[in-house]
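Throughout, a chain's letter reflects where its sequence line sits, starting with A, and its residues are numbered from 1.
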Amino acid sequence: MPRIALEKDQPFSLDLTLGCGQAFRWDKGEDGWWSGVADGQAIRCRLKAETLSFEGAGEAYIRHYFSLDTDLNEILDAIDCDPFIHAAIDRSSGLRLVRQPPWECLCSYICATNTNIPAVRRRIALLSEQFGDPVGSGSVRGYAFPGPERIACHDSDECLSTCKLGYRAPYVFTSSRDAAAQAGWAERIQNLPYDAARKEMTKFAGIGPKAADCVLLFAFQKYEAFPVDVWIRRIMREHYLPELPDGAPLSGREYDTIRGFARKHFGEYCGYAQEYLYAGREG
DNA sequence: CCCCAGGGGTGCT
DNA sequence: AGCACCCATGGG
């Protein structure tokens with residue numbers, strides 16, 4: 001079993017990283033091992049003391065996926081600018097943003113509109129079982145997330161009817177056609193600055209400002225992105241922007257107010273601040 | 001039965 | 001441009 005010895009001064013919590021809701025394909029078994037599929041690899045891993053054990057992927061991929069090359073302390077120092085975020089950082093120390101496969105991430109956040117995390121996980125699992133290839137062997141098995149062409153090759157979004165996507169099915173289908181038609185879309189987005197990348201992302205069907213910010217943060221490492229959902233909005237109103245309305249639907253203007261405040265207050269890594277705030281929701 | 005959820009598209013004004 | 005309304009599904 002391959003292992004990675006973590007550097008002493010670099011905090012890393014596997015539980016917080018995989019359990020915070022940024023990725024939808026990981027499960028923690030009774031034995032304490034996490035299992036999931038990423039980039040067509042069925043992976044099992046466990047963190048004990050300062051050692052990350054893993055199988056199913058190469059060391060370079062594991063380091064890349066978990067952003068182990070990122071100096072987390074530098075980022076946390078940068079966003080640690082008030083007592084509330086300081087407490088959130090203390091509470092969730094070691095949470096890292098992973099590097100998700102772009103297409104899977106895009107699809108995941110189309111499926112994440114107006115719903116909850118368990119339902120999103122089910123939809124992504126169904127899509128993988130329905131359209132993806134079985135991968136792995138022995139104790140590590142699963143289904144690869146299907147490339148866009150696996151969905152785009154069908155005649156209509158009816159092919160998605162078993163995946164419980166509801167009104168999101170036509171969005172997934174249209175975005176599959178779109179992504180399949182332009183092979184280099186992810187590299188193009190990756191090479192754009194945040195604002196331009198965000199504009200490009202919202203051209204995909206079913207991707208609005210919120211979903212675009214999630215994909216930019218979780219798949220493209222655009223740490224200036226600050227996704228605002230009902231939880232983050234509540235936290236920001238209660239702790240930073242008391243003048244925000246309570247109860248009314250979140251308008252585009254209010255979204256930009258919150259996003260703009262966060263960018264100025266937390267700085268260029270405000271996306272990391274968002275995830276630490278989100279991880280501490282409900283308590 | 002209810003209300004809520006990591007919202008976006010459409011259409012009206 | 002800003003706003004109202006609809007969307008289909010699942011969790012609690």
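The six-membered or imidazole ring of A:Phe145 lies away from that of A:Phe24, with a centre-to-centre distance of 6.0 Å or more. Checked against a 6.0 Å centroid threshold, the rings of A:Tyr194 and A:Phe220 do not count as neighbours. When ring centroids are compared, A:Tyr269 and A:Tyr276 stay outside the 6.0 Å threshold.
Within 6.0 Å of the CD atom in A:Glu238, the count of heavy atoms belonging to other residues, nucleotides or ligands exceeds 12. For A:His265, the NE2 atom counts as densely surrounded, since its 6.0 Å shell holds more than 12 non-hydrogen atoms of other residues, nucleotides or ligands. Within 6.0 Å of CZ on A:Arg3 lie no more than 12 heavy atoms contributed by other residues, nucleotides or ligands.
Per the geometry, CG belonging to A:Asp157 stands 13 Å off C1' belonging to C:dA8, to the nearest Å. The interatomic distance linking A:Arg168 (CZ) with C:dC6 (C1') rounds to 13 Å, in whole Å. Per the geometry, OH belonging to A:Tyr167 stands 10 Å off C1' belonging to B:dG9, to the nearest Å. The nearest whole Å value for the distance from the OH atom in A:Tyr171 to the C1' atom in B:dG7 is 9 Å. As rounded to whole Å, 11 Å separates atom P of B:dA5 from atom CZ of A:Arg281. As rounded to whole Å, 19 Å separates atom C1' of C:dC3 from atom OH of A:Tyr255. Rounded to whole Å, the distance from CG on A:Asn116 to P on C:dG12 is 8 Å. To the nearest angstrom, C1' of C:dC5 lies 12 Å from CG of A:Asn114.
The residue A:Ala211 sits close only to the backbone: its heavy atoms come under 4.0 Å of sugar-phosphate atoms, none of a base. Counting non-hydrogen atoms under 4.0 angstrom, A:Arg233 reaches nothing in the nucleic acid. Among the heavy atoms of the strands, none lies under 4.0 Å from A:Pro249. Counting any heavy atom pair closer than 4.0 Å across all strands shown, A:Lys210 reaches a base atom. Note on A:Tyr278: a base of the nucleic acid sits closer than 4.0 angstrom, heavy atoms only. Nucleic acid contact class of A:Glu275 (heavy atoms, under 4.0 Å, all strands): base.
Separation of the P atoms belonging to B:dG9 and C:dG10 is 22 Å when rounded to the nearest angstrom.
A donor and an acceptor atom, one from each side chain of A:Glu187 and A:Asn191, are nowhere located under 3.5 Å apart.
Each of A:Arg253 and A:Pro118 was assigned the nucleotide of DNA chain C with the nearest heavy atom; the assignment lying further toward the 5' end belongs to A:Arg253. Mapping A:Thr115 and A:Gly206 onto DNA chain B by nearest heavy atom places A:Thr115 closer to the 5' end of the strand.
With hydrogens and angles ignored, no donor-acceptor pair under 3.5 angstrom links the side chain of A:Tyr109 to the base of B:dG8.
Distances shorter than 4.0 Å separate some side-chain N or O of A:Arg122 from OP1 or OP2 on C:dG11. Side-chain nitrogen and oxygen atoms of A:Arg121 include none within less than 4.0 Å of the OP1 or OP2 phosphate oxygen of C:dT9.
Contact between A:Ile110 and A:Arg168 at its shortest, heavy atoms only, is O-CD, 3.6 Å.
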Convert the base pairs of DNA chain C into dot-bracket notation, remembering that pairs crossing earlier ones are written with [ ] and that bases paired across to another strand are shown as |; include only Watson-Crick or G-U pairs under 3.5 Å. |||||||.||||
